[in-house]
Student: 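Have a look at this one.
Source: prediction; values computed, not measured. Note: hydrogens, waters and symmetry copies are ignored here, and every other heavy atom, side chains too, is used. The chain is numbered in sequence order, starting from 1. Just follow the structure's listing: the first ligand is 1, and inside any ligand the first atom is 1.
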Amino acid sequence: MNTRDPAALRELFHFIDGKQVAGESGRFGDVFNPSLGVRSGRVPLAAKIEVEKAIASAQRAFPDWANTSPLTRARVMFKFKELCERHYDEIALLVANEHGKVVSDAKGSLQRGLEVVEFACGIPHLLKGEFSDNISPGIDTYSMRQPLGVVAGITPFNFPAMVPMWMFPIAIAAGNTFILKPSEKDPSCPLRLAELLLEAGLPPGVLNVINGDKEAVDTLLNDPRVAAISFVGSTPVARYVYATAAANGKRVQAMGGAKNHMVIMPDADIDLASDALMGAAYGSAGERCMAVSVAVSVTEKTSNQLIESLAPRVRNLKVGASTDPQSEMGPLVTREHYNKVRSYVDLGVVEGADLVVDGREASFPKQGFFIGGTLFDKVQASMRIYKEEIFGPVLSVVRAQNFDEAIRLPNEHEYGNGVAVFTRNGDVARNFAQKVGAGMVGINVSIPVPLAFHSFGGWKSSMYGDMNQHGPEGVRFYTKVKTVTARWREGVSPGANFGMPLHK
Ligand code: NAD
């Protein structure tokens with residue numbers, strides 16, 4: 001794969017059994033460089049039979065890998081981390097060139113992924129079970145966490161490094177073999193990560209990458225050899241993945257879309273809140289599941305101050321190519337997504353929201369899928385631009401008169417991923433954290449993404465399933481508990497007992 005010349009047209013592949021494998025289905029997806037607006041490569045879209053080859057490879061690799069000591073598996077992760085650090089710039093460029101986020105942001109997302117690798121390096125400790133000595137004379141009970149087998153991850157376009165790295169480091173370190181089906185929009189980074197893992201000493205077949213669309217996903221959801229599915233993407237697909245995989249008896253976690261609110265109380269430092277909103281709403285062109293897309297300002301005075309502070313900043317956002325060090329915000333991922341985001345700006349105007357800054361009119365390079373930062377004021381909860389996920393650099397300000405009205409908005413919203421409150425009042429903050437209906441809460445922190453050793457997951461339509469990504473929940477997701485009750489000769493009392501076994 002040529003990673004040095006971003007202008008070269010890349011012919012992408014699957015990664016099965018430790019080897020690059022050309023697509024056989026004859027179906028391909030286009031990969032773009034969103035900063036230039038041109039096609040940069042094509043990715044094969046796997047047919048069912050190709051996915052089955054990846055599953056067979058993972059199944060073959062499972063017994064030996066599961067039998068490898070956790071310490072040896074952890075050492076592969078250490079080496080992988082070292083290799084990713086050595087190839088940091090190259091990987092970040094792959095992300096920036098196919099996703100469109102600016103290089104510094106791509107590096108940050110890789111860093112967040114590597115933190116999960118660091119967490120997975122502690123797998124010998126994380127897999128330790130419990131032990132109860134002498135639960136009855138001569139009898140002990142202990143538990144162990146064992147891998148599930150072949151597991152699969154299906155990931156979205158917006159974090160081609162970080163989201164796969166939420167999944168496979170823990171799954172693999174725990175002794176599973178893994179099939180990754182990354183987004184067909186930016187597959188080069190996940191393919192490169194798989195190559196680096198092989199270089200780090202991972203046996204062939206332990207991580208396979210299969211590129212594809214619904215056909216590949218459906219094969220993973222329906223094949224009985226796949227024990228668990230981790231999905232991250234939009235809510236309609238998350239619902240479908242959850243329902244299908246669960247009906248097939250698989251363990252499944254399915255993270256969906258979001259509409260994250262940030263409440264700004266009258267006592268908040270408006271400049272601080274406005275700075276935080278700029279990064280949270282417009283960073284990565286709003287293509288983050290933890291992006292803040294709704295600011296709820298409490299009282300008219302706070303709302304007026306917030307708009308006054310935000311408007312010039314949004315107008316002056318530096319929009320440009322992802323590789324330009326001056327750019328604060330890059331393009332959207334595809335022309336199709338650009339059209340969707342633009343149509344939401346049109347819709348907001350039709351719905352009667354106050355368009356304070358119009359991203360359609362901003363200054364940005366003429367080629368590429370660019371749109372400027374957009375700011376709407378006086379958005380109502382009944383409007384579609386409030387209810388639906390836009391996934392672009394569009395911030396809606398909703399004016400609330402008091403705390404109760406403000407907290408009701410995220411609580412009544414369909415989504416419940418992240419939420420934040422900006423205030424100087426500890427009681428208000430505590431009350432908010434206790435009562436708000438979302439999975440991740442920030443107090444004077446606009447993007448409350450938990451670090452790798454905590455767990456990531458939303459509520460309501462932002463998440464289907466029981467266990468979150470990474471941290472202790474990640475270890476639980478990729479392992480099953482076995483509890484052993486053991487009695488040796490000295491604990492055996494003679495004679496049959498036909499009653500319920502009781503320990504004395
Ligand atoms: P998407 O749902 O279109 O695609 C996600 C994955 O599902 C891709 O691998 C894709 O190939 C596959 N897919 C798409 N349509 C499918 C179908 N009909 N059947 C089976 N598989 C299908 O999502 P996206 O546009 O790539 O990513 C953006 C979305 O992901 C946003 O909604 C964002 O909020 C969400 N997201 C959520 C989280 C989270 O943790 N909650 C994190 C990142 C992104």
Student: Before signing off on this row, confirm whether Asp213 and ligand 1 have an N or O atom pair separated by under 3.5 Å.
Tutor: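 So ligand 1 has no N or O lying under 3.5 Å from an N or O of Asp213.
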Student: For the atom pair OG (Ser462) and OH (Tyr415), what is the distance rounded to the nearest 0.5 Å?
Tutor: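 It is 7.0 Å, given to the nearest 0.5 Å.
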Student: Under 3.5 Å between some N or O of ligand 1 and some N or O of Cys289?
Tutor: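 No, there is no polar N/O contact under 3.5 Å.
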Student: Between His470 and Phe453, is the ring centre distance below 6.0 Å?
Tutor: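 Ring-ring flag for His470/Phe453: false, centres at least 6.0 Å apart.
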Student: Which bit of Gln469 is near ligand 1, meaning a heavy atom under 4.0 Å away: side chain, backbone, both or neither?
Tutor: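 No part of Gln469 is near ligand 1 at this cut-off.
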Student: Taking distance alone, with N or O pairs closer than 3.5 Å, would you say Glu389 contacts ligand 1?
Tutor: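 Such a contact does occur with ligand 1.
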Student: List every atom of ligand 1 that sits less than 4.0 Å from any heavy atom of Lys214, numbering the atoms from 1 in the order shown and giving each element.
Tutor: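 In order of number, 18 (N), 19 (N), 20 (C).
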Student: Below 4.0 Å from ligand 1: does a non-hydrogen atom of Tyr415 turn up there or not?
Tutor: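 Contact check Tyr415 vs ligand 1: negative.
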Student: Taking the side chain as every heavy atom from C-beta outward, state whether Val151 and Tyr478 have any atom pair closer than 4.5 Å.
Tutor: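 Result yes, sub-4.5 Å side-chain heavy-atom pair found.
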Student: With heavy atoms under 4.0 Å as the rule, classify the contact between Phe159 and ligand 1 as side chain, backbone, both or neither.
Tutor: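 Looking at Phe159 and ligand 1, no heavy atom falls under 4.0 Å.
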Student: Would you mind telling me which of Arg239, Lys387, Lys460, Lys259 makes a salt bridge (Lys or Arg N to Asp or Glu O under 4.0 Å) with Glu414?
Tutor: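 The passing option is Arg239.
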Student: Less than 3.5 Å between some nitrogen or oxygen of Glu184 and one of ligand 1, yes or no?
Tutor: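 Looking only at distances, the answer is yes, because the N/O contact criterion of under 3.5 Å is met.
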Student: Can a cation-pi geometry be assigned to Lys19 and Phe15, taking NZ or CZ under 6.0 Å from the six-membered ring centre and within 45° of the ring axis?
Tutor: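 No - Lys19 does not lie over the ring of Phe15 by the 6.0 Å and 45° rule.
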Student: May I ask you to check whether Ser234 has an N/O atom sitting below 3.5 Å from an N/O atom of ligand 1?
Tutor: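 Right, the criterion is met.
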Student: Closer than 4.0 angstrom: is that true for some heavy atom of Phe391 and an atom of ligand 1?
Tutor: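 Heavy atoms of Phe391 do come under 4.0 Å of ligand 1.
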Student: Would a line drawn from the ring center of Phe422 to the ring center of Phe432 be shorter than 6.0 Å?
Tutor: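 No - the distance between ring centres of Phe422 and Phe432 does not fall below the 6.0 Å cut-off.
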Student: Between Asp218 and ligand 1, does any nitrogen or oxygen pair lie at a separation below 3.5 Å?
Tutor: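 The answer is no, given that Asp218 and ligand 1 share no N or O pair closer than 3.5 Å.
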Student: Report the part of Val241 (side chain from C-beta onward, or backbone N, CA, C, O) that has a heavy atom under 4.0 Å from ligand 1; answer both or neither where that applies.
Tutor: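 Within the 4.0 Å criterion, Val241 makes no contact with ligand 1.
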Student: Going by atom types only, do Ser293 and Glu389 share a side-chain donor-acceptor pair under 3.5 Å?
Tutor: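 Glu389 and Ser293 do not have a side-chain donor-acceptor pair below 3.5 Å.
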Student: Could you check whether any heavy atom of Gly256 sits closer than 4.0 Å to an atom of ligand 1, since that is the contact criterion I want to use?
Tutor: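 Heavy atoms of Gly256 do come under 4.0 Å of ligand 1.
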Student: Between Gln111 and Glu115, do the side chains contain an N or O donor and an N or O acceptor separated by less than 3.5 Å?
Tutor: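 A donor-acceptor contact under 3.5 Å links the two side chains.
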Student: Indicate whether the side chain of Asn33 and that of Ser40 have a donor and an acceptor atom separated by less than 3.5 Å.
Tutor: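 No, no side-chain donor-acceptor contact under 3.5 Å.
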Student: Answer yes if a protein heavy atom lies under 4.0 Å from atom 41 (N) of ligand 1, otherwise answer no.
Tutor: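 Neighbour list for atom 41 (N) of ligand 1 includes protein heavy atoms (cut-off 4.0 Å).
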Student: Below 3.5 angstrom, do we get any N/O pair linking Ile154 and ligand 1?
Tutor: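 No, there is no polar N/O contact under 3.5 Å.
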Student: Within the structure provided, determine whether Val226 and Ile229 are in side-chain contact (heavy-atom separation under 4.5 Å).
Tutor: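 The answer is yes; the side chains approach within 4.5 Å.
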